[in-house]
S.K.: 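Can you read through this structure? Questions will come right after.
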Amino acid sequence: MNPLLSAEQAVLGSVLLDPGQLAHLDWLAPDHFYRPIHQALFAALCKLRTESHPSVATGERVPLSWVTDAVAEASNHVRGLTAAYPHILISACPRPEHAPVYGRMVLEGAIHRSVTAHAIRLHQAARAAALQGEVEGALHHADVLAGVLEDLARRWGSEPRPVAPATPPPTARVAPPPARADQVADDEEFLLAVLVEQPKAMDEVVGWLRPGDFADPAHGQFYRCVGALHHRGEPIDRITVLWEAQRRGLLADGTLTTEQLTAICDGVGAGSAEWLGEQIMRSSVARTAAASARAIRALAENETLAPGRLISHALHALGPLDEVRARWQTANGAPAPPPASPTEGPPTAQVHAALARSTARPAAQPSECPGSASTSSAARPPSRTHG
């Protein structure tokens, strides 16, 4: 049996048995349910409560009209709902008073699904950006994903802060799409040729272009060699670059070959380093966005990862994109976007209901806990950062 389906049925069954449980589920929304029929039923129950259905106010036995009216309202928005289904939901609820806990399970499933969906959209936008040579769409979807993560953190009751996973997932280097790979490689080689031919052009890109921005790792190492010579104030030409590559062991380990170095240095060296660098940065932003999206999707599809940790790790996975984006804006002379104003989250009391934690044991008195270390531990509140 699917635990998420069971939790959705149990939430609805508890509310059908005890309408008063809706007062403890204000933080739960219909779209948090996976099945459309469950979304419609929960929305109908919430509507009946808002309209002060007689069943909500009474403390006596729940009348049959509470169930039949909910079915009638939900049937206006979804097909296939029969009069017998509410009885299946009621039988699936072990204890109505556990509704907040069942609701927390539903919310947990919704968080994983929401993060997965937005990560897929970001990945699609990043691939489109790589093909079209523009990055605005990918950056927009990254902003949307970041906003969703912060909102979900508030709903779950955890702090939206980036935290690296204990064991980082394997990251594969994302290559440009085949339709653009040749153009990206040509731009990279052209820029390197310009920098060797016009060493002063390094001043145009050194402030924001990094070796990791190159799609070809060999090109990134070539750029690193040129950057090292520039940093030390030494001459830059084909001989000094070759010598620097040898000193760094790049020739010995096969990262670069003499033929590659010669081919780049013999290329046409007349061009705008700044313009070429911006083209490389576009490609870097798109690749980084795709890599972040893949990492976040992998996290969201891990069902063993608690929502608090999922959100924190996903925010951490967006970090490399934020760093590349900042340099992209520097390259274009664009000001950094203002911080997004936080959206309104549920009240604190509702957050605590969403967490549905067990009641914390009262702190032990110092006389009961001899020793300063024990007293300090007993007085410390339980952590809920990653609950």
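Heavy-atom basis, side chains included; hydrogens, waters and symmetry copies ignored.
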S.K.: Mark yes or no for whether E134, through its side chain, and E136, through its backbone, hold a donor-acceptor pair below 3.5 Å.
M.R.: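 Judged by distance alone, yes, a pair lies under 3.5 Å.
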
S.K.: Measure from the side-chain N and O atoms of W275 to the backbone N and O of G271, and report whether any donor-acceptor pair falls under 3.5 Å.
M.R.: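 No, W275 side chain to G271 backbone: no donor-acceptor pair under 3.5 Å.
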
S.K.: Apply the test side chain to side chain contact (heavy atoms under 4.5 Å, CB included) to residues L256 and L242: give CA-CA distance (whole Å), side-chain angles for both, the deciding distance (0.1 Å), then the verdict.
M.R.: CA-CA 10 Å; L256 284 169; L242 180 63; over 6 Å; no

S.K.: Does T240 use its side chain to pair, donor to acceptor, with the backbone of D237 at less than 3.5 Å?
M.R.: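 Yes, because the side chain of T240 sits within donor-acceptor range (under 3.5 Å) of the backbone of D237.
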
S.K.: Fit a plane to each ring of H219 and F214, take the angle between them on a 0 to 90° scale, and name the class: parallel (under 30°), tilted (30 to 60°) or perpendicular (over 60°).
M.R.: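 H219 vs F214 ring planes: perpendicular.
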
S.K.: For the backbone of P307 and the side chain of H112, can you confirm whether one donor and one acceptor N or O come within less than 3.5 Å of each other?
M.R.: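 Side chain of H112 to backbone of P307, a donor-acceptor pair under 3.5 Å: no, none is there.
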
S.K.: Side chain to side chain contact (heavy atoms under 4.5 Å, CB included) with F42: which of I37, D31, L22?
M.R.: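 The option that passes is L22.
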
S.K.: Identify whether the distance between the nearest side-chain nitrogen and carboxylate oxygen of E244 and R232 falls below 4.0 Å.
M.R.: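 The answer is yes: the pair qualifies as a salt bridge.
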
S.K.: Working to the nearest 0.5 Å, report the span between OH of Y102 and CG of L12.
M.R.: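 These two atoms lie 12.5 Å from each other.
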
S.K.: Would you say the side-chain atoms of Q21 pair up with the backbone N or O of V15, donor to acceptor, closer than 3.5 Å?
M.R.: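 No.
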
S.K.: Any salt bridge between D187 and R282, counting N to O under 4.0 Å?
M.R.: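 Between R282 and D187 there is no salt bridge, as every charged N stays at least 4.0 Å from the carboxylate O atoms.
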
S.K.: Do V206 and V194 share a hydrophobic cluster (ILVMFWY, side-chain heavy atoms under 4.5 Å, transitive)?
M.R.: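 V206 and V194: one cluster.
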
S.K.: Between S292 and A289 (side chain of the first, backbone of the second, donor and acceptor by atom type, cut-off under 3.5 Å), is there such a pair?
M.R.: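 Flag not set: sc S292 to bb A289 has no pair under 3.5 Å.
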
S.K.: When rounded to the nearest 0.5 angstrom, what is the spacing between CD in Q279 and CG in L191?
M.R.: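 It comes to 10.5 Å.
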
S.K.: Quick check for you: to the nearest 0.5 Å, what is the distance between T50 atom OG1 and L45 atom CG?
M.R.: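 Nearest 0.5 Å value for the OG1-CG distance: 10.5 Å.
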
S.K.: So which heavy atom on Q39 is nearest to which on F33, and how close?
M.R.: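 Taking every non-hydrogen atom into account, NE2-O, 2.7 Å.
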
S.K.: Before accepting this row, confirm whether a basic side-chain N of the pair D213/R327 lies closer than 4.0 Å to the acidic partner's carboxylate O.
M.R.: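 Yes, charged N to carboxylate O under 4.0 Å.
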
S.K.: Is it true that K47 and E73 make a salt bridge, defined as a side-chain N closer than 4.0 Å to a carboxylate O?
M.R.: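 Judged by the 4.0 Å cut-off on N to carboxylate O distance, K47 and E73 do form a salt bridge.
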
S.K.: Just checking, is any N or O donor in the side chain of Q183 or D186 under 3.5 Å from an acceptor N or O on the other one?
M.R.: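 No donor-acceptor contact under 3.5 Å links the two side chains.
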
S.K.: Output yes when R95 and D18 qualify as a salt bridge under the 4.0 Å nitrogen-oxygen rule, no when they do not.
M.R.: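 Salt bridge between R95 and D18, a charged N being under 4.0 Å from a carboxylate O: no.
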
S.K.: Could you tell me if H230 and D203 have a donor-acceptor pair between their side chains, going purely by distance under 3.5 Å?
M.R.: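 Checked: D203/H230 side chains pair up, N/O donor to acceptor below 3.5 Å.
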
S.K.: When you look at OH of Y34, are more than 12 heavy atoms from neighbouring residues, nucleotides or ligands closer to it than 6.0 Å?
M.R.: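 No, the 6.0 Å shell around OH holds no more than 12 heavy atoms from other groups.
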
S.K.: Has N302 got a side-chain atom pairing as donor or acceptor with A298's backbone, closer than 3.5 angstrom?
M.R.: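 No, the answer is negative, given that no donor and acceptor are paired below the 3.5 Å cut-off.
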
